[in-house]
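Every number for a ligand or one of its atoms is a count from 1 in the order of the listing.
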Amino acid sequence: MADRKNFGSKLGVVLASAGSAVGLGNIWRFPTEVGENGGAAFVLVYLLCVILVGVPIMLGEFVIGRHTHANTATAYQQLAPGKWWRVQGTMGVLVAFIISCYYMVVAGWTLYYAYASLTGALQYQGDDATYFSDFFDNFVTHPWLPVLFAMLFMVMVHGIIVKGVQDGIERFSKVMMPMLLLIIAVLTVCAFSLPGSSEGLRYLLHPDFSKLSAQTVLNAIGQAFYSLSLAMGCLCTYASYFRDDTNLVKTAFSVSLIDTMVALLAGFIIFPAVFSVPGLEPGDGPGLVFKSLPYIFSHAFASMPVMGYIFSLLFYLLLFLAALTSAISIHEPVTAYLHEVHQMSRRKAALWVTMVSVVLGVVCSLSCGLLGDMKILGMTLFDCFDALPAKILMPVGGIIISLFTGWYLDRKLVEDELTNYGKLRFPLFPVFIFLLRWVIPVAIALVMV
Ligand code: TRP
């Protein structure tokens, strides 16, 4: 593809990929999963999943993307012409759509909360601990407010995507990611001064292994895939914009490290807050971040309301920015696919993706309120859009990618990509191949069964 752009700098590569990885998955979904799966034991299993499953699969996607410099569907097609493997490329594109639809809904919530922080609507000094639970429930069941904010969010994503890889994604990530890391550092310090901080820390650091089950492990694997943006062609597409001198191994380690640090820090921010609010439990589900933190922001700083105001605004801004950089990485594979495979202009491709996502996203948003009775397998549409990819499609995609890179691809090709044709050293290469060939597929399959 003659007009194909690459990322311009090494820093751009790391920040754009980290921008994809760090998102609602870290700050919203991770604490929710930790809470629903029993705390510290889950955190430990999660860390193991990141190292043993996440990093190798990310490397696999990097190899596939960078070697072919093409969108995911074309990439698999090129590497395995006429073989079944290529289904993974197209499936990735499809699943990105599903994620995109409900991702924009939650991102819309964060945008609304940032807005409500700004106008002061999140300031409440009374003693009713259920005030913010009601505030959240009233908002998500509102007939059009969440829909409006989800749409606004998608318009912004669209604006960045149409600007392209270098002027849109890369430039934007270079500004946003440092800002995001700074905000999270400030908030962590603030959380340690809360009354519930020691209990929160104990919850995250003292494992109770009796709470572990196969389901917990599957949830941890799903969360690792989700948080690292794997198995859906996101990082594979980004890697197709890497230059030939990009160090894939170093990039994968940096991105995974940043992503994991942010998730843990988010836990350190949220659990002290949860334990400081009477009536909230760590297992309270997806609303946790939206119900516990506003209470903290307005009560922990009751003597200094300005600080509460600033922290609240900073936090929801943080969530929103994190969601934005991830949402563009979910949008890009689909846009690149339509642009390159179906020969649409980039502008037109992006418009299609945005429009279809918005339509499905609206339905998904309404399923939290007006359409709450519409159930599939006993779950609302919203829960389906979350669970289906994380618990089934991504683990299956993970198995396919590990088998594809471990067994099907020429071992020399993989090693050449990872060492930039002998210019870099990667002594762990045999371990990497062993994980891909045996450990990952067997482990995921066992846990799923
Ligand atoms: N990793 C992002 C997050 O943590 C979300 C995300 C981006 C994603 N791209 C993805 C999830 C691809 C699954 C697959 O919020």
Whether Phe136 and Phe290 hold their rings parallel, tilted or perpendicular, with breakpoints at 30° and 60°: parallel
Using a strict cut-off of under 4.0 Å between a residue heavy atom and any atom of ligand 1, list the qualifying protein residues by chain and number. Ser20, Ala21, Gly23, Leu24, Gly25, Asn26, Ile99, Tyr103, Tyr226, Ser227, Ser229, Leu230, Met232, Cys234, Ser326, Ser329, Ile330, Met394
In terms of ring plane angle, is the pair Phe7 and Tyr241 parallel, tilted or perpendicular, where the classes change at 30° and 60°? perpendicular
More than 12 heavy atoms of other residues, nucleotides or ligands under 6.0 Å from CH2 of Trp352: yes or no? no
Do the two ring centres, one from Phe30 and one from Tyr46, sit under 6.0 Å apart? yes
Return the orientation label for the Tyr115 and Phe149 ring planes: parallel under 30°, perpendicular over 60°, tilted otherwise. tilted
Quick one: list whatever passes side-chain contact (heavy atoms from CB on, under 4.5 Å) with Leu182, sequence neighbours left out. none
